[in-house]
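Below, chain A is the first sequence line, B the second, and so on; all start at residue 1. Atoms considered below: every heavy atom in the structure, side chains included; atoms not considered: hydrogens, waters and symmetry mates.
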Amino acid sequence: MYPRARHVRREHSGRRPSLARARGHGQHMVETVRVRFAPSPTGLLHVGSARTALYNWAFARHHGGVFVLRIDDTDPERSTDENTAAILDALRWLGLDWDEGPVAGGDHGPYFQTERSESYAGALATLKETGRVYPCFCTPEGLAERRTAAGGAWNGYDRVCRGLDPADTAERIETGEPHVWRLAVADDPPDIVFDDAVRGEMRFPGTAVDDFVLVRSDGTPTYNFASVVDDATMRITHVIRGDDHLSNTPKQIVVFEALGHDVPVFAHMSLIMGTDGKRLSKRHGAASVKAFREEGYLSDALVNYIALLGWSIDDKTVIVSRDELVEHFVLSRIANNPAVFDVEKLLWMNGVYLRDMEADRFRDIMVGELERAGLTDATDAAARPEWYGELAALVVDRTKTLNDLPGLVGFLFTDEVVVEEDARAKILLKEGAGAAIVAARETLELVDPFDAERIEAALRGLPERLEMKSRLVFQTVRVAVTGTTVSLPLFESIALLGRGPTLARLDAALPLTTP
RNA sequence: GCCGCGUUAGUCUAGUGGUUGAGGACGCCGCCCUCUCAAGGCGGAGAUCACGGGUUCGAAUCCCGUACGCGGUACCA
């Protein structure tokens, strides 16, 4: 009565999919790779989703294929336009451009699921014609009852509506009786087998798929139906997605086949976890791309870090640009075990990118951050680019995230330094601190020109003259000038500050050397 | 419950039967550099390759089982 589900087999080896044969077409046909990223706009772009997007993008670019962005906004309660906008924004920031989708357009649209109801209706119509689908009038309550009666551990469907008389059901539908549409699965289905491009051969018992709901009583498609219809009509060749969809795959394969469509290649990657081994979420701190951006991470660094969470080029390569990712990206090198997100390593990597950056570019970024923090403005930055360049050179090695910047250089942009209590107690109140300040003041007054080299040469003579440890002398001056015991290099800082402000700070600090 | 996936140092990983008494990176520790802090250089500790059986002359690598973790099992996506 119903066609038997076919054995689904891929001819290529699961680990190294051959594109020419990937979909079992004619052996000479090389299809254009088409992949998609389909986020639900129910929140910000999560780093886990970002990695899925990244891998899809890299795969498409590697094969000269098409990267489709589709918005799965079927959940009207939680989906918002703001979220959609934020996701597009995050994707752009990450440098993941899409060829088809919102804004970009394309021949396979619309790219919002809420606008594709015609497509789903059409797919349902074909399934009705081929008898692969039937209406079910069971109420949720009735179902629940039967399920608990069956032992509680069973959530399937008992097919009570499957044998109904077509004339009868047509009438009930006519009268407006609520009903869903269920897929009619073969009675004695064979195992469902597919070659996952990252995991190899996956085999599920045919009984893993029962007569599940395709269309809800309100007429909207369920995820497993909408997703398949979209992937089919958008001619997606490779479905690269999270592990959480692995168990849905057999269902989707059955739908693809019922629809008479080729089954795409599937590639399932595992999820990203927090340090507690649970799925990464806001509970673990920053979890969205936006949050990392706001915390001062570079998009290049985030992309690099995420790319290597569950994927690698070889046993040594750690710094990978987008271009290198595209060049080397292969599905078979995606790891199949879940990865814990380690902020420490991201932090380190961000520093690497900061240090590798063109000096001028870093300077401009720094200026932008200082403007944002209200420490400086564009006119000042434009007026003395060399000064900012020198500052930038001093600061790069000490910057982990962009948010560190204001704290690092703040002392240069204030009229009055506030000496930290701790620093005063530890340094200024030490024996000889006052003398050091007086001597430093006298020396610096005479340095000319007032540059780092000469300042250093002059100050270097002090310890011996004062018969003090050089460390103490310099720390004393540092605290007086910067207010803290840890700062940017002293001599350069003094040069950047200028003579006037430096002397003023020394004067102001002198009284602090006595209790 | 049932189905599926996973398990190499604190973390990310390399590794697909012998050259592995397990390589790289973050983190950690020490030394060097040094005006503080970084950055950089050098060195070090840290993994009985989850556990137990097998197969084999030989296993992190193949097979079976156990434990633990994760996912799915819905008119969520």
* To do: Go through the side-chain N and O atoms of A:Tyr305 and A:Asp342 and say whether any donor and acceptor fall under 3.5 Å apart.
  => no
* To do: By nearest nucleotide on RNA chain B, pick out whichever of A:Leu346 and A:Val352 is the more 5' one.
  => A:Leu346
* Between B:U66 and B:U73, how far apart are the C1' atoms? Round to whole Å, please. => 24 Å
* To do: Could you work out which one of B:C5, B:U73, B:U11 sits closest to the side chain of A:Arg199?
  => B:C5
* Asked: Counting only side-chain N and O atoms of A:Arg147, is one of them less than 4.0 Å from OP1 or OP2 of B:C2?
  -> no
* Asked: So which of residues 136-144 of chain A are in contact with RNA chain B, with a heavy-atom cut-off of under 4.0 Å?
  -> A:Cys138, A:Pro140
* **Rounded interatomic separation in angstrom, taking NZ from A:Lys400 and P from B:C26** => 10 Å
* **Closest to side chain of A:Asp244, choosing from B:G71, B:A25, B:U36** => B:G71
* Asked: If the C1' atom of B:G18 is compared with that of B:C5, how far apart are they to the nearest Å?
  -> 31 Å
* Looking only at atom P, what distance separates B:C28 and B:G4, rounded to whole Å? -> 43 Å
* To do: Using the six-membered ring wherever Trp is involved, compare the ring planes of A:Tyr55 and A:Phe329 and label them parallel, tilted or perpendicular (cut-offs 30° and 60°).
  => tilted
* Ignoring the backbone of A:Pro338, work out which of B:G6, B:C75, B:G72 is nearest its side chain. => B:G6
